[in-house]
Peer 1: 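Here it is, the structure in full.
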Amino acid sequence: MTSATRDKVTSEGTKILPFSSGEGREIYRHSAAHIMAHALKKLYPDVKLAIGPATSEGFYYDFDYDTNFTQDELIRIEEKMREIIKADNPFIRKELTRQEAMELFRHAGEPYKVELLDEIQDEIVSIYQEGDFVDLCRGPHLPSTGRIKAFKLLSIAGAYWRGDERNKMLQRIYGTAFDSKDELNEYLNYLEEIKKRDHRRLGKELDLFSISDDIGPGLVLWHPRGAIIRKTIEDFWRDEHYKAGYHLLFTPHIARLDLWKKSGHWDFYRENMYSPVDVEGQEYEIKPMNCPFHIHIYKSHLRSYKELPIRFAELGTVYRYERSGVLHGLLRVRGFTQDDAHIFCREEQIEDEIQRVLDFTLFILRTFGFDRYDIYLSTRPEKYVGTLDGWERATSALKQSLEAKGLLHNIKPGEGAFYGPKIDIEIKDSINRAWQCSTIQVDFSIPERFDITYRGSDGKEHRPIMIHRALMGSLERFFGVLIEHYSGSFPLWLSPVQAVVFSIAERHAGYVSSVAMKLRDEGLRVELNVDNEKIGYKVRQAIASRIPYILVAGDKEVEDNTINVRRRDGTNLGALSIQETSSILMDDLKNRR
RNA sequence: GCCACCGUAGCUCAGCUGGUAGAGCAGCUGAUUUGUAAUCAGCGGGUCGGGGGUUCGAAUCCCUUCGGUGGCUCCA
């Protein structure tokens, strides 16, 4: 990377920053956003400018304009941008007083810029000029427009002014810019790769699940192949929970509205809950969470301090109202199953329990091939229940557990649940995208609302602390993430069909069927295909449906009592005995590969 | 919910400025008996998302409604 040409101009002078640095890239892309705004002003003089920052993957600019931009117009805008880049206009910084700047932008008919200036505290502000285009901007920028080597405009979307839905909807144009054509192409290929692994597309192609208009948006139908994957995940989850000292529960899907009033959900979570249903004059509510049920099981008899911690876990299906615009495949739905658990413990046990949960979570995630993650600690939101003191203690318990485990984390201020602070784990998938699934939340308030207690060693009543946690979050979302992570090529233990056995000609049908039978006896999910088709055709079909092992028998194999073994990735292991083949597959299964 | 775009066969899509629907794959039938990413031929399949309107005539134009997509806001 030739850093000498990636200068940025600051008020203190010129600094050299490579594109590869985060800051350098941001300046580069922010400059590209200015050029896009300039191009728009040239093409549509009446357009009003809002804001245009760089993002992690590119940049955008928000505009107010009375007619809507179309995809075709992006090409025109790009052409205009190329002209501006070719002109190689220098970016010139000017400083003026806030009043002068307001005059300037009021005169230029830029109400959004005036509004921004209204809220800036500083008396001196900076503007950047490039050619005949001036924008209010803190900077810095590239030395000149000609420094942009490669860019592309990607999409148009609506966006509220200042992100507030009460404000006017503006038009946002997204684009990206790179230091070279090659890097841009690499990024565009990455976008293609994302499309190829889209779980909605693969879900249909591989016949895993569907969401039907007739059933309702955000409600998932698990097809046989998806259901077997879910069943495998659930079995693993249940086994590991028993091993980790959890008790498994089942609870109903609806409960009296009063329960939700008592728990605080009706006051703090109503916008995500459905309207109550009438049952013989009593109001009942579909559950948006599982915790009140688990609390009632806790409360079903007197608890001793010796029993704690009590760990209740359930694959609990909940229903939450989500606004139609936010639904997205399996990743955002209205009905989903949480791998939920509630741990009741004494206050001095919190840290130890949270550390156990952290270990357990990371173990489960690693099993699915997620070994990179970011951890966040979310603190008290504006709407909350409980006392400030309780929040303080809960937050520090989470923080100390993370520190004890040596887990680096960032703080998300105000992002906690209404009943307590939480730790969120964002996993990184095979192409490095982040997904949030796991969450661990401390709750000092619900135990109080339901007045749950335990008998201490002193013979007195004490209040337990409750920890809510979900490791995969929801089975639906986790499944969606898994599909994208593996790009549909699930490891053998999760694959709906683990191997398929093909015959070369009809005369081998009996033999391959006996091979399939033997492998099925081992508990493997094996399909048989004796269709009257060429072997290339059958292999193609098997690869398209991501079957891990392709087993083929012709005259040779029948003669030697073997089977030819080929992996999904194209490696051919040659003719092996049925025994050898079975042990290769069983080995993958045992090691969850 | 908001803004934009989209909705044609099981799937992917074509159908220009209105003259009542087409391809590939998949499916079915037959021929072929095949050695690791597509054998050939024939056949069946659509109230063009739903409703309403304009028109002699609507997949095509208008309104409305339901879905989907990209974002915004919100979240497992």
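To find a chain, count down the sequence lines: A is the first, B the second, and so on, and within it residues start at 1.
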Peer 1: Under 4.0 Å, counting only non-hydrogen atoms across every strand here, what does Gly554(A) touch: a base, just sugar-phosphate, or nothing?
Peer 2: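 Here Gly554(A) touches the bases of the nucleic acid.
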
Peer 1: Salt bridge check: are Asp555(A) and Arg507(A) linked by an N-O gap of less than 4.0 Å?
Peer 2: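 Looking at Arg507(A) together with Asp555(A), the answer is yes, because their closest N to O distance falls below 4.0 Å.
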
Peer 1: Expressed as a whole number of angstroms, how long is the span from Asn167(A):CG to rC74(B):C1'?
Peer 2: 16 Å

Peer 1: Only pairs with both distances under 3.5 Å count, Watson-Crick or wobble alike; so what is the partner of rA41(B) in this structure?
Peer 2: rU29(B)

Peer 1: Taking Lys422(A) for the side chain and Leu398(A) for the main chain, is one N or O donor matched with an acceptor at less than 3.5 Å?
Peer 2: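 No, the answer is negative, given that no donor and acceptor are paired below the 3.5 Å cut-off.
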
Peer 1: Picking from rG68(B), rU36(B), rC11(B), which would you name as closest to the side chain of Lys204(A)?
Peer 2: rC11(B)

Peer 1: Which part of the nucleic acid, if any, lies within contact of Asn564(A), taking any heavy atom under 4.0 Å across all strands shown: a base, the sugar-phosphate backbone alone, or nothing?
Peer 2: base

Peer 1: Would one find a side-chain N or O of Lys422(A) under 4.0 angstrom from OP1 or OP2 of rA76(B)?
Peer 2: yes

Peer 1: For rU20(B) versus rA38(B), give the span between their C1' atoms, rounded off to a whole number of Å.
Peer 2: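 These two C1' atoms come out 36 Å apart once rounded.
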
Peer 1: Do Glu110(A) and Lys48(A) meet the salt-bridge criterion of a basic N to acidic O distance under 4.0 Å?
Peer 2: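 No, no charged N to carboxylate O under 4.0 Å.
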
Peer 1: Choose from rG1(B), rU36(B), rU39(B) the nucleotide whose nearest atom is closest to any side-chain atom of Glu533(A).
Peer 2: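 Per side-chain heavy atoms of Glu533(A), the pick is rU39(B).
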
Peer 1: Quote, to the nearest angstrom, the C1' distance that separates rG44(B) from rG52(B).
Peer 2: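 Roughly 34 Å separates the two C1' atoms.
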
Peer 1: When you measure from the centre of the six-membered ring of Phe418(A), is the NZ or CZ of Lys383(A) closer than 6.0 Å and no more than 45° off the axis?
Peer 2: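 No, Lys383(A) and Phe418(A) do not form such a contact.
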
Peer 1: Could you tell me whether Gly473(A) contacts a base, only the sugar-phosphate backbone, or nothing, with contacts defined as non-hydrogen atoms closer than 4.0 Å?
Peer 2: sugar-phosphate

Peer 1: Mind checking who rG57(B) pairs with, Watson-Crick or G-U wobble, both distances under 3.5 Å?
Peer 2: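 Because no pair has both required distances under 3.5 Å, rG57(B) counts as unpaired.
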
Peer 1: CE of Met273(A) versus C1' of rA76(B): gap in Å, rounded?
Peer 2: 16 Å

Peer 1: Whole-Å distance between rC3(B) C1' and Asp64(A) CG?
Peer 2: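 Roughly 12 Å, once rounded to whole Å.
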
Peer 1: Gly163(A) near the nucleic acid: base, sugar-phosphate alone, or nothing, with a heavy-atom cut-off under 4.0 Å?
Peer 2: sugar-phosphate

Peer 1: In the strands shown, is rU12(B) matched to any nucleotide by a Watson-Crick or G-U wobble pair with both distances under 3.5 Å, and which?
Peer 2: rA23(B)

Peer 1: Identify the nucleotide, in any strand shown, that forms a Watson-Crick or G-U wobble pair with rC75(B), with both distances under 3.5 Å; if there is none, say none.
Peer 2: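 Base-paired to nothing in any strand shown.
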
Peer 1: Taking the side chain of Tyr321(A) as its heavy atoms from C-beta onward, which of rU33(B), rU36(B), rG1(B) lies nearest to it?
Peer 2: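 Selected nucleotide (nearest to the side chain): rG1(B).
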
Peer 1: Does rG7(B) pair with anything, Watson-Crick or G-U wobble, both distances under 3.5 Å, and if so, with which nucleotide?
Peer 2: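 Per the H-bond distance test, rC66(B).
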
Peer 1: Give the nucleotide from the list rG70(B), rC72(B), rU36(B) with an atom nearest to the side chain of Arg200(A).
Peer 2: rG70(B)

Peer 1: From the options rU36(B), rA76(B), rU39(B), select the nucleotide whose nearest atom is closest to the side chain of Gln436(A).
Peer 2: rA76(B)

Peer 1: Rounded to whole angstrom units, what separation is found between the NZ atom of Lys412(A) and the C1' atom of rC74(B)?
Peer 2: 13 Å

Peer 1: Starting from the 5' end of RNA chain B, give me the residue, Leu331(A) or Asp164(A), whose nearest nucleotide shows up first.
Peer 2: Asp164(A)

Peer 1: Is Phe336(A) stacked on the base of rA76(B) when the test is centres under 5.5 angstrom and planes under 30 degrees?
Peer 2: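 So Phe336(A) counts as stacking on the base.
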
Peer 1: Would you classify Arg332(A) as touching base, sugar-phosphate or nothing, given that sugar-phosphate means primed atoms plus P, OP1 and OP2, and contacts are heavy atoms under 4.0 Å?
Peer 2: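 Answer is base: heavy atoms of Arg332(A) come under 4.0 Å of a base.
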
Peer 1: With hydrogens left out and only the distance checked, is there a donor-acceptor pair under 3.5 Å joining Arg540(A)'s side chain and the base of rU36(B)?
Peer 2: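 Not at all, since no donor on one side and acceptor on the other fall under 3.5 Å apart.
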
Peer 1: I want to check a possible cation-pi pair here: Arg366(A) against Phe363(A), using under 6.0 Å from ring centre and within 45° of the ring axis as the test.
Peer 2: no

Peer 1: Rounded to whole angstroms, how far apart are CH2 on Trp237(A) and P on rA76(B)?
Peer 2: 18 Å

Peer 1: Have a look at His468(A) and tell me which of His342(A), His294(A), Gln338(A) forms a side chain to side chain donor-acceptor pair (under 3.5 Å) with it.
Peer 2: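 Of the listed options, the one satisfying the test is His342(A).
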
Peer 1: Work out how far the P atom of rG24(B) is from that of rC63(B), and round it to whole angstrom.
Peer 2: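 The same atom, P, in both gives a distance of 36 Å.
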
Peer 1: Using a 4.0 Å heavy-atom cut-off, does Val333(A) contact any base of the nucleic acid, only the sugar-phosphate backbone, or nothing at all?
Peer 2: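 Base, at least one base atom sits under 4.0 Å.
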
Peer 1: Taking rC72(B) as the reference, what is the distance to rA41(B) when you measure between their P atoms (whole Å, please)?
Peer 2: 50 Å

Peer 1: By nearest heavy atom, map Gly218(A) and Glu506(A) onto RNA chain B; which one lands nearer the 5' end?
Peer 2: Glu506(A)

Peer 1: So, is the end of the Lys168(A) side chain (NZ or CZ) under 6.0 Å from the ring centre of Tyr160(A) and within 45° of the ring's axis?
Peer 2: no

Peer 1: Closest to the Ala157(A) side chain: rA76(B), rG35(B), rG70(B)?
Peer 2: rG70(B)

Peer 1: What is the separation between atom NZ on Lys168(A) and atom P on rU73(B), rounded to the nearest whole Å?
Peer 2: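 After rounding, the gap between these two atoms is 18 Å.
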
Peer 1: Phosphate oxygens OP1/OP2 of rG68(B): is one of them under 4.0 Å from a side-chain N or O of His328(A)?
Peer 2: no

Peer 1: Taking atom P of rC72(B) as reference, at what distance in whole Å does atom CG of Asp62(A) sit?
Peer 2: 10 Å

Peer 1: Determine the interatomic distance between P on rC62(B) and the same-named atom on rG46(B); round to the nearest Å.
Peer 2: 28 Å

Peer 1: Between rU54(B) and rU60(B), how far apart are the two P atoms, rounded to whole Å?
Peer 2: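 Those two atoms are separated by 15 Å.
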
Peer 1: Answer yes or no: side-chain N or O of Glu322(A) and base N or O of rA76(B) forming a donor-acceptor pair under 3.5 Å.
Peer 2: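 Checked by distance alone, the answer is yes.
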
Peer 1: Of all the choices, rG68(B), rG70(B), rU33(B), which nucleotide is nearest to the side chain of Ser155(A) once you look at every atom?
Peer 2: rG70(B)

Peer 1: Is the terminal nitrogen or CZ of Arg230(A) (NZ for Lys, CZ for Arg) located under 6.0 angstrom from the six-membered ring centre of Phe209(A) and within 45° of that ring's axis?
Peer 2: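 Relative to the ring axis of Phe209(A), which defines the angle, Arg230(A) lies outside at least one limit.
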
Peer 1: Picking from rG1(B), rG35(B), rU33(B), which would you name as closest to the side chain of Glu557(A)?
Peer 2: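 In terms of side-chain proximity for Glu557(A), the closest of rG1(B), rG35(B), rU33(B) is rG35(B).
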
Peer 1: Counting any heavy atom closer than 4.0 Å, what does Arg566(A) reach on the DNA or RNA strands: base, sugar-phosphate only, or nothing?
Peer 2: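 Arg566(A): base contact, heavy atoms under 4.0 Å.
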
Peer 1: Could you tell me the separation between the CD atom of Gln171(A) and the P atom of rG70(B), rounded to a whole number of Å?
Peer 2: 19 Å

Peer 1: Is the closest basic N to carboxylate O distance between Glu192(A) and Arg197(A) below 4.0 Å?
Peer 2: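 No, no charged N to carboxylate O under 4.0 Å.
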
Peer 1: The side chain of Ile504(A) is closest to which nucleotide in this list: rG70(B), rU39(B), rG35(B)?
Peer 2: rG35(B)

Peer 1: Can you tell me the pairing partner of rG46(B) across any strand shown, Watson-Crick or G-U wobble, with both distances under 3.5 angstrom?
Peer 2: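 Base-paired to nothing in any strand shown.
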
Peer 1: Describe the nucleic acid contact of Tyr537(A) in one word from base, sugar-phosphate, nothing, applying a heavy-atom distance below 4.0 Å.
Peer 2: sugar-phosphate

Peer 1: If we take the P atom in both rG18(B) and rG57(B), what is their distance in whole Å?
Peer 2: 15 Å

Peer 1: Nearest to the side chain of Tyr174(A), which nucleotide is it out of rG71(B), rG67(B), rA76(B)?
Peer 2: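 When the side chain of Tyr174(A) is considered, rG71(B) is the closest of rG71(B), rG67(B), rA76(B).
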
Peer 1: What about Arg162(A), does its side chain sit under 3.5 Å from the base of rC72(B) through a donor-acceptor pair?
Peer 2: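 No, the side chain and the base share no sub-3.5 Å donor-acceptor pair.
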
